[in-house]
**Student:** 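My questions all concern the structure below.
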Amino acid sequence: MPLRFYIYDISYEVVGREPHILLWGVNEDNERVVLRDRTFRPYFYVIPSNESEVSRLVGEIKRLSSVKSPITNVEVVTRKFFGKPMKVIKVVTVIPEYVREYREMIRGMDGVADVLEADIRFSMRYMIDKGLTPCSWFEVSNAEEVRKSPSLRVSREYEVFGEFTPLQIHKPPEMKVLAFDIEVYNPRGAPRPDRDPVIIIALMNSEGEVKVIEKVGEGPRGDARVIDEFVSYIQQYDPDIIVGYNSNKFDWPYLLERSKLLGVRLEVGRVKDGIPRTSVYGHISIPGRLNVDLYDFVEEISEIKIKSLDVVAEYLGIMRRDERVLIPWYEISKYWDDPNKRELLIRYAVDDVKSTKGLADKLLPFATQLSSLTGLPLDQVGSASVGFRLEWYLMRAAYKFNELIPNRVERPYEPYKGAIVLEPIRGIHDNIAVLDFTSMYPNIMIKYNIGPDTFVEGECSEDQCYVIPELGYRFRKEPPGFYKAVLETLLEMRRGVREVMKKLPQGSVEYRILDERQKALKILANASYGYMGWVGARWYFRQGAEAVTALGRKTISTAIDLAKKLGLKVIYGDTDSLFVEYNPKIDEFIRLVMEKLGLEIKVDKVYRRVFFTEAKKRYIGLTTDGLVDIVGFEAVRGDWAEIAKEVQELVAHTILAEGSISKAIELVNNVIKDLREGRVALDRLIIWKTITKPLDEYEVSAPHVTAARRLIELGGRVEVGDKIGYVIVKGSGPISSRAYPYIAVKVEDIDSDYYIDHQIVPAALRILEYFGVTEKQLKTASKGVRTLFDFSKKR
DNA sequence: GCACGATTTATACCA
DNA sequence: ACTGGTATAAATCGTGCG
């Protein structure tokens, strides 16, 4: 009988000598179910170097068949490879693990050009071939309920016999989410699982219930019960999704190590003996459940510079920092050991888990849409990079187009020319419109049919091919290539989603879901150019990426010429944007660009006033709403001290909104005075910088590297990707020798001259220098009133 | 051997 | 581990000096 279900995950098991696909889902009665398919078999393709070799190869491949996993079928089929139809050999076997062995044997055979699609994981292969995507509703034409395997902790089990049809329902069933957060005893700095017990596990579920598991009693093994209780809680609540914050890199690895040491079974999965294990893209996989590390999604929010849970929760409006308990990591054991403070530590853990749950409510809808679009299960989609997400989408598209999926190959890095950035006209400009080409690169790829399969090596006339300026590369106009077809589908889907959204009330659940979906579609489309130029991509094509930027340069230059011809003054531009005088000629300009270039340009925003120094990629603008936009300057960078960023922001505001130079000078004077007189808190002096490689690979002793080394000496742990917060203390010698982790420094030891000369003054001067303000004026208070008006008079 | 400008290394931003 | 273009700081190199 037919069955409708929401699929959230997929796995497989080998039963006897038969691979079984397990689809984890929710049925229409909101029961957790497993659909078992025993009929699917792994396969791959062999590309012959010469078509005349095919029949010989078929015979040879058949003879490779071994008992452990017989080759059950070898057939010649037609597939396209980079758009070109060809005869290839499809080899089917039984046990997924043997694909690799056969691949290696066949790869070395005479007359074999390549082996393709032998590196696609079996469960992904199944979903691609069946058109299944996770986090989506399907109907299977025939599924029979069978006796449930005792090892599966679900309500029902079915066996699949029919075909799948996607259902046009975007709303997921009620998924049970469980947030968790562990606290670990760490008297000597960074905790070590071989020594330091888990002292608290805080949990919060979809119903809003909070549970705290505390270690009771002393002794090094006291947390065995903590982990036991944690496991029981999970099995009893039975969540579909388990969320944590940095749980892939901390909580789960720690619990795994710790439970191994204590001999406790971390059996949290939905199958018997189902324990978490490290899987693809570095995520931790739990059988039958979706383990999602929300940190992965937070990493992509570039506005948040310091990604600690409290800061992120505040930024997203989940929990205010001044309304929660905050305990620095190096003091956790102190709070635990002090009977008067332990309660605070517990409240801290609860605040953390509440924040984590809040993060899940904010971020899972997007993650779910990304999962359903890319086909990557929800627990993988966050940890997969942008490139891999798009690649999975492309692999599915390739299957639908009967295109073979290229292998991942190691290639040398090949740089190529990028976009144009105009020299800004420095100074203050009033009434400036910022015009943007909409999705410039994706639209160029579509318009000029750019891709590896449309590239013409030999002669090709201009009526058959697009000839790329500067490069002379030629791309055939017809038929549409792989990238063009995919991009058009993506953009068409996005248009469709946005169309449906218009008919929905803005606050509705459906509206929200579709909004996340259209965002995910946009992200995928916008990643396509970068993906094509990524040496790690299966569909890497340097000449294509090169052509896109060349066409981009041509497009923006032509637009500039058109603007000039209309008498529109261009102030600045970068890649796909132009800053021009805001006047009625703009309408004509937009029309002309559309007519001559066939690409859409539109007014993105209007500045009442905008200011440029001589630097590219940096400006401040006063919007029509009276807000000050700061772009590129120190104030928006995460690696400047808060105090310097505040000063610059204030200066920017004073100059743009109030037009007062003297007031700006005065406020800098005051901040410097405050700093000199010790009225600035330490946390406004911290400089945060990322450690981008192992410490011993650094060629210079940069301040943040020195600080990181000192942090390790203090018992801390530093990993690649960590942000080190350091301050500069008084003394002599290079700055790096005076950079210390902020936790180890008292405010009296701060080198205020460093902060004045290397942080506050440069940040302020960056803007004020143009108005003739000197370092001396900023450092010594004086009277006098100067406005922008006075300044322009003098000039 | 030192001072100082030039170059290199490193980070984070813009699009 | 999606791209190239850009600004900037701090460390380090290299050179002239005499």
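Lettering of chains follows the sequences in order, A, B, ..., and the numbering in each one begins at 1. Given the structure is predicted, the values throughout are model-derived calculations rather than measurements.
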**Student:** So where does chain A start and stop touching DNA chain C, 5' to 3', when the test is distance under 4.0 Å to a non-hydrogen atom?
**Tutor:**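 Nucleotide range with atoms under 4.0 Å of chain A: C/dA1 to C/dT12.
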**Student:** Please report, rounded to the nearest Å, how far the C1' atom of B/dC14 is from the CD1 atom of A/Ile556.
**Tutor:**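 Atom CD1 in A/Ile556 sits about 13 Å away from atom C1' in B/dC14.
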**Student:** Whole angstroms only, please: what is the OH-P distance between A/Tyr619 and B/dC13?
**Tutor:**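 Roughly 15 Å, once rounded to whole Å.
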**Student:** Please find out if less than 6.0 Å separates the ring center of A/His704 from that of A/Tyr698.
**Tutor:**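 Yes: the rings meet the under 6.0 Å criterion.
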**Student:** If you look at every heavy atom in A/His758 and A/Pro762, which pair is closest and at what distance?
**Tutor:**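 That would be C-CG, 3.5 Å.
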**Student:** Just the rounded figure in Å: distance from P of B/dC14 to CG of A/Asp639.
**Tutor:**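 Rounded to the whole Å, the gap is 12 Å.
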**Student:** Between A/Arg717 and A/Glu719, is there a side-chain N and carboxylate O pair less than 4.0 Å apart?
**Tutor:**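 Counted as a salt bridge, because a side-chain N and a carboxylate O are separated by less than 4.0 Å.
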**Student:** Can you check whether A/Phe388 and A/Tyr281 have ring centres sitting under 6.0 Å from each other?
**Tutor:**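 When the ring centroids of A/Phe388 and A/Tyr281 are compared, they turn out to be within the sub-6.0 Å range.
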**Student:** If you look at every strand shown and take non-hydrogen atoms under 4.0 Å, does A/Ala527 touch a base, only sugar-phosphate, or nothing?
**Tutor:**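 Here A/Ala527 touches the bases of the nucleic acid.
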**Student:** Heavy atoms under 4.0 Å, any strand shown: does A/Val548 hit a base, just sugar-phosphate, or nothing?
**Tutor:**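 Nothing, no heavy atom under 4.0 Å.
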**Student:** Which part of the nucleic acid does A/Tyr413 contact within heavy-atom distance under 4.0 Å: base, sugar-phosphate only, or nothing?
**Tutor:**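 Result for A/Tyr413 = sugar-phosphate.
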**Student:** Mind checking if A/Ser528 touches a base, just sugar-phosphate, or nothing, with heavy atoms under 4.0 Å?
**Tutor:**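 Touches nothing.
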**Student:** Please tell me whether A/Tyr572 and A/Phe612 form a close aromatic pair, meaning their ring centres lie under 6.0 Å apart.
**Tutor:**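 Yes.
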**Student:** Classify A/Ser701 by what it touches in the nucleic acid, base, sugar-phosphate, or nothing, heavy-atom distance under 4.0 Å.
**Tutor:**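 The residue A/Ser701 makes sugar-phosphate contact but no base contact.
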**Student:** Check the distance between B/dT11's C1' and A/Trp640's CH2 and give it to me in whole angstrom.
**Tutor:**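 To the nearest whole Å, that distance equals 12 Å.
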**Student:** Would you say that more than 12 heavy atoms from the other residues, nucleotides or ligands in this model lie under 6.0 Å from the CZ of A/Arg277, or not?
**Tutor:**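 Open.
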**Student:** Regarding A/Gly533, tell me which of base, sugar-phosphate or nothing describes its non-hydrogen contacts under 4.0 Å with the strands shown.
**Tutor:**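 Sugar-phosphate only.
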**Student:** Starting at atom CD of A/Glu299, determine the distance to atom P of B/dA12, rounded to an integer number of angstrom.
**Tutor:**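 It works out to 12 Å between those atoms.
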**Student:** May I ask you to check whether over 12 heavy atoms, not counting those of A/Tyr582, lie within 6.0 Å of atom OH?
**Tutor:**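 Open.
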**Student:** Please state how far atom CZ in A/Phe579 lies from atom P in B/dA15, giving the value in whole angstrom units.
**Tutor:**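 From A/Phe579 CZ to B/dA15 P: 6 Å.
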**Student:** May I have the distance from A/Ile630 (atom CD1) to B/dC14 (atom C1'), rounded to whole angstrom?
**Tutor:**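 Value for this atom pair: 15 Å.
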**Student:** Looking only at the side chain of A/Thr692 (C-beta and beyond, no hydrogens), which of the listed nucleotides B/dA15, B/dT11, B/dC13 gets closest?
**Tutor:**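 Looking only at side-chain atoms, A/Thr692 lies closest to B/dT11.
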**Student:** Between atom CD1 in A/Ile687 and atom C1' in B/dA10, what is the gap in whole Å?
**Tutor:**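 Rounded to the whole Å, the gap is 14 Å.
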